[in-house]
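The structure appears right after this line, and notes come after that.
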Amino acid sequence: MRERSPRRWAWLGVLVTGLALYAVVLRTLVHTQNPNFVPALILLGATVVPLSFLTFAQARTGRWQVPTSALAISAFFGGVIGIVVAGTLEYDTLRGLGVLPMVLVAIIEESAKLIVPLILLLTIMRRHERRLPSDGLIIGVAAGLGFAALETMGYAFTALLASNGNIGSVEQTLFLRGLTAPAGHTAWTGLTAGALWALIAAPSARRVLAFLGTFAGAVVLHTCWDTFGAPIPYVILAVVSLGWLFLALRHYRAFADHSPAPAALQPLTI
């Protein structure tokens, strides 16, 4: 079942509108030299691309859609709780061990980002008895979006302080991290949450292994992303991450399109 054209291309409207707002805020900031516009600039720069990607993915998950309210909850609470839990665990581990390997950072962050998606998945499944992993994937994408946006905002604020208020440094940070967000936290959390949904929907040894393999793959990609600093490795990792996500999205969509439509699988409300 093909999506209607307006819905299929909604992500482009989100992207164009967001970039236009970012340009207006940036121009106003430069023209007035008023630092009150800096938070708005950072917020838009950190969220426009990830939000556009979420809209893109949501339009391609099949006929059963997660409501906007559930995605908003996943993005906001998933981002806040994920980044707080990850930051606390990383700080405690660093203080206890004196060193924090990149792989441990990846394990902590990938686990923390699943807290809110797991709560939502269990709540939605109990209320609606849904059996579509695409719901888990899109909820995970939203949680990854929130985490990535908050992390980008933190890096942008740090760049602002380190450069003594140089807006150019902030723009560079927002551009690089905003552009790569879909291939990072957003994709990894979407993949692990989709595999987790499939496991909870129909537990089996094969799906346990599939989830563990997906989580391990996300940790490996995350570790490599934090370890290598050159453009070519980033491009390769981005292609692998997004390619894997699109394959999972296609697989889950095929499952949804060929599934029967019992009363239990009505559109979600939350």
Side-chain angles (χ1 to χ4, degrees), residues 11 14-30 32-57 68 71-91 94 100 102 105-106 108-117 139-190 222 225-226 229 234 238 241:
W11 68 272
V14 174
L15 179 63
V16 171
T17 302
L19 291 177
L21 291 174
Y22 178 85
V24 169
V25 171
L26 177 60
R27 183 181 183 280
T28 305
L29 173 61
V30 173
T32 64
Q33 296 296 305
N34 187 344
N36 289 338
F37 290 103
V38 172
L41 184 75
I42 293 177
L43 175 63
L44 287 169
T47 58
V48 168
V49 174
L51 184 59
S52 301
F53 184 78
L54 173 64
T55 308
F56 173 87
T68 302
L71 296 181
I73 290 172
S74 183
F76 181 78
F77 289 101
V80 173
I81 293 176
I83 204 166
V84 168
V85 171
T88 302
L89 291 177
E90 289 169 9
Y91 173 77
L94 180 62
L100 193 61
M102 289 299 181
V105 171
I108 290 173
E109 293 189 358
E110 293 306 317
S111 300
K113 289 184 294 179
L114 287 177
I115 295 175
V116 170
I139 287 174
V141 166
L145 178 159
F147 190 96
L150 289 175
E151 193 175 60
T152 297
M153 292 170 67
Y155 277 100
F157 181 69
T158 301
L160 181 69
L161 296 180
S163 63
N164 295 319
N166 186 343
I167 297 301
S169 297
V170 176
E171 284 187 273
Q172 183 179 13
T173 301
L174 292 174
F175 176 78
L176 291 176
R177 295 192 60 86
L179 189 63
T180 58
H185 291 298
T186 306
W188 304 329
T189 311
H222 192 155
W225 191 279
D226 289 343
Y234 277 158
S241 298

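The figures that follow rest on heavy atoms only: side chains count, while hydrogens, waters and symmetry mates do not. Just so we're clear, the structure is a prediction, and the values are computed from it rather than from any experiment.
Between Thr152 atom OG1 and Phe147 atom CZ the span is 10.0 Å, to the nearest 0.5 Å. Rounding to the nearest 0.5 angstrom, the gap separating the CD1 atom in Ile108 from the OG1 atom in Thr88 is 10.0 Å. The CG atom of Leu71 sits 9.0 Å away from atom OG1 of Thr55, with the distance rounded to the nearest 0.5 Å. Rounding to the nearest 0.5 angstrom, the gap separating the CD1 atom in Ile167 from the CD atom in Gln33 is 8.0 Å. With rounding to the nearest 0.5 Å, the separation of CE in Met102 from CG in Asp226 is 5.5 Å. Asn36 CG to Leu41 CG: the interatomic distance, rounded to the nearest 0.5 Å, is 13.0 Å.
Considering only heavy atoms from C-beta on, Phe37 comes within 4.5 Å of Thr32 through its side chain. Contact check for Leu26 versus Leu44: no side-chain heavy atoms found under the 4.5 Å cut-off. A 4.5 Å side-chain heavy-atom check between Leu51 and Leu54 finds at least one atom pair inside the cut-off.
Ser74 places a side-chain N or O within donor-acceptor distance of the main-chain N or O of Ile139, the cut-off being under 3.5 Å. Between the side chain of Ser52 and the backbone N or O of Leu15, at least one donor-acceptor pair lies under 3.5 Å.
Of all the heavy atoms in Gly168 and Asn166, the pair that sits closest is N-OD1, 2.8 Å. Considering all non-hydrogen atoms of both residues, Gly178 and Pro182 come closest at O-CD, 3.7 Å. Shortest non-hydrogen contact noted between Ala86 and Glu109 is CB-CG, 3.9 Å. Nearest heavy-atom pair across Pro50 and Ala181 is CG-CB, 3.7 Å. Between Ile42 and Leu174, the shortest heavy-atom contact is O-CD2, 3.8 Å. Heavy atoms only, all atoms of each residue included: Ala149 and Thr47 are closest at CB-CG2, 3.8 Å.
Summarising the local packing, CZ of Phe77 is surrounded by 12 or fewer heavy atoms from other residues, nucleotides or ligands at distances under 6.0 Å.
With Val38 as the partner, the side chain to side chain contact (heavy atoms under 4.5 Å, CB included) test is satisfied by one option alone out of Leu43, Val170, Leu29: Leu29.
Here Trp225 and Tyr234 bring their ring centres to under 6.0 angstrom of each other.
Ring pair Trp188/His185 is perpendicular by interplanar angle, where above 60° counts as perpendicular and below 30° as parallel.
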